Amino acid sequence: MIPVSRPKLAGNESRYVLDCIESSWISSIGEYISRFEQEFAAFVRCRHAIAVSNGTTALHLSLLAFDIGPGDEIIVPSLTYIASVNAIAYCGATPVFADSDELTGNIDPVSAAACITPKTKGIIAVHLYGHPADMDPLLELARRHNLFVIEDAAEAHGAEYKGRRTGSLGDIGVFSFYGNKLITTGEGGMLTTDDAALAAKIRLLKSQGMDPARRFWHPVIGYNYRMTNIQAAIGLAQLERAEEHIKNHLAVARLYDIALAEIPGIQLPVEQPWAKHVCWLYTIQLAAGLPPRDVVMERLAATGIETRPVFYPAHQMPPYQYLQNKNLPTAERLSRQGLNLPTYDGLTEEEIAAVAAALRLALVETS
Ligand SMILES: *Cc1c(COP(=O)(O)O)cnc(C)c1O
């Protein structure tokens, strides 16, 4: 079986984890946490990085940092992993769904602009599957309407927009270190920002709202969203090899580009001239007229190749359907016709050729 993704733990991971156990610093205090935060800030090229329990809690904190609550509206692309939207609901605020850009699947700035109302407080831009969203028009829109911008960079570690790393462009960047992400800690997350006041507020909220100058005094209601030293130990080891890992990961994407180039009717991933796409998951679109996406996925599974459907649009999910007063045709089409192929550092040239051959067959078979 060829899986969609597989973590690579080939560096100092086991040595650092063993160090946590032998030193007994296994909880959320320990030197690996600050080292991982410092190294991650350097990786993103920003001032502050705050480690948390996962990417979803990072998103929740990013909104709490702006005091988001009932009555507030947050613009978010419908075509994203559900966590980007759920975080808005956790705050009691209302997600307002924007449509996607045709080529990258990312939030369409024109559609985002049409979502603005007097209640809009911010925009969440998601760098879908590793391709950065078109940030300049979004940042300009936000400036004009006095909105904040959160980057959901959970799928885009090391990606760049006009030479700047994702997570350093908006007011706050959010990362996930789930097992299938480009950098993993098993479960884990990070917030990045250049704003010292926002960083301090996030640190307060992630650790039960305890006054840093007065133990067990809690001026606000906080959360336990802390990362453990063991997770950070894995993260630090991952980070030591991140640039090489991303290079190997991209080499897989380039091999797919060649292997799939001749197959008629499939759209390969696009990289905008201003983007460094890290291609977290290699995503293709099947043209109308080819067998349905789910049939193609079943045929690939029958030959031992795991694939994933592109995310279902959030505005069609049961908890959010009541908000739907419009169609989002591009998000709906990309979701219906798209699939993610196995993409990970360690996938061999032979395996890539096998995926390409199986895909070719799956597209011509009729039944
Ligand atoms: C993975 C992911 C998250 C959530 O991260 P977890 O660590 O699984 O909580 C959020 N947004 C996007 C776009 C993701 O892909």
Side-chain angles (χ1 to χ4, degrees), residues 4-7 36 40 44 49-64 74-91 95 97-98 100-101 104-107 122-133 135 138 149-159 166-167 169-170 172-192 202 206 223-228 230-232 234-235 238 249 277-283 308-315 317 320 331 334-335 338-340 343-344:
V4 165
S5 47
R6 190 155 66 188
F36 183 36
F40 198 81
V44 170
I50 303 118
V52 293
S53 49
N54 59 60
T56 307
T57 53
L59 278 162
H60 189 195
L61 288 171
S62 71
L63 293 166
L64 293 171
I74 306 295
I75 298 169
V76 64
S78 181
L79 192 67
T80 181
Y81 181 56
I82 198 66
S84 326
V85 180
N86 284 347
I88 300 167
Y90 298 163
C91 297
F97 295 113
S100 294
D101 170 69
T104 64
N106 282 319
I107 187 167
I123 303 170
I124 299 179
V126 183
H127 306 303
L128 196 69
Y129 299 126
H131 192 296
M135 292 300 291
L138 293 171
V149 176
I150 293 167
E151 294 176 75
D152 183 343
E155 305 180 355
H157 314 68
T166 52
L169 299 146
I172 299 177
V174 166
F175 291 84
S176 164
F177 305 120
Y178 184 65
N180 64 8
K181 298 292 162 77
L182 275 164
I183 295 174
T184 185
T185 61
E187 293 273 8
M190 192 77 82
L191 295 100
T192 53
I202 291 162
K206 87 164 208 189
Y223 301 80
N224 176 1
Y225 283 173
R226 296 184 294 257
M227 175 182 272
T228 69
I230 300 174
Q231 288 168 291
I234 298 171
Q238 290 272 296
H249 192 89
H277 183 7
V278 286
C279 224
W280 171 53
L281 291 177
Y282 196 91
T283 305
R308 274 178 35 163
V310 159
F311 298 121
Y312 299 102
H315 72 278
M317 304 270 186
Y320 299 111
L334 295 175
S335 166
L339 73 156
N340 311 125
T343 322
Y344 53 90

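Model, not experiment: these values are computed from the prediction. When a ligand or atom number is given, it counts from 1 through the structure's own listing order.
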Nearest non-hydrogen protein atom, atom 3 (C) of ligand 1: Tyr81 CD2, 3.5 Å
Heteroatom proximity flag, Ser176 to ligand 1, N/O under 3.5 Å: yes
Aromatic ring pairing His60/Tyr223, orientation class (parallel under 30°, perpendicular over 60°, tilted between): perpendicular
Backbone N/O of Phe177 and side chain of Thr184: donor-acceptor pair under 3.5 Å: yes
Trace of the side-chain contact (heavy atoms from CB on, under 4.5 Å) decision for Ile50 with Tyr225: CA-CA 11 Å; Ile50 303 118; Tyr225 283 173; over 6 Å; no
Minimum-distance protein heavy atom relative to atom 11 (N) of ligand 1: Asp152 OD2, 2.8 Å
Structural part of Val126 in contact with ligand 1, heavy atom criterion under 4.0 angstrom: side chain
Protein contact to atom 9 (O) of ligand 1 [nearest heavy atom, distance to 0.1 Å]: Thr56 OG1, 2.5 Å
Contact check, Lys181 vs ligand 1, heavy-atom distance below 4.0 Å: yes
Heavy-atom pair with the smallest gap, counting every atom of Val310 and Ser335: CG1-CA, 3.7 Å
Atoms in ligand 1 flagged as close to Ala83, the criterion being non-hydrogen separation under 4.0 Å: 4 (C), 10 (C)
For the student: nearest non-hydrogen atoms of Ile124 and Ile74, plus distance: CG1-CG2, 3.8 Å
CG-CD1 distance between Leu59 and Ile172, expressed to the nearest 0.5 angstrom: 10.0 Å
Sub-4.5 Å side-chain heavy-atom contact between Val278 and His249: no
Identity and separation of the nearest protein heavy atom to atom 15 (O) of ligand 1: Glu155 OE2, 2.5 Å
Test of proximity, Gly55 against ligand 1: N or O pairs below 3.5 Å: yes
Heavy-atom gap Gly188 to ligand 1 smaller than 4.0 Å: yes
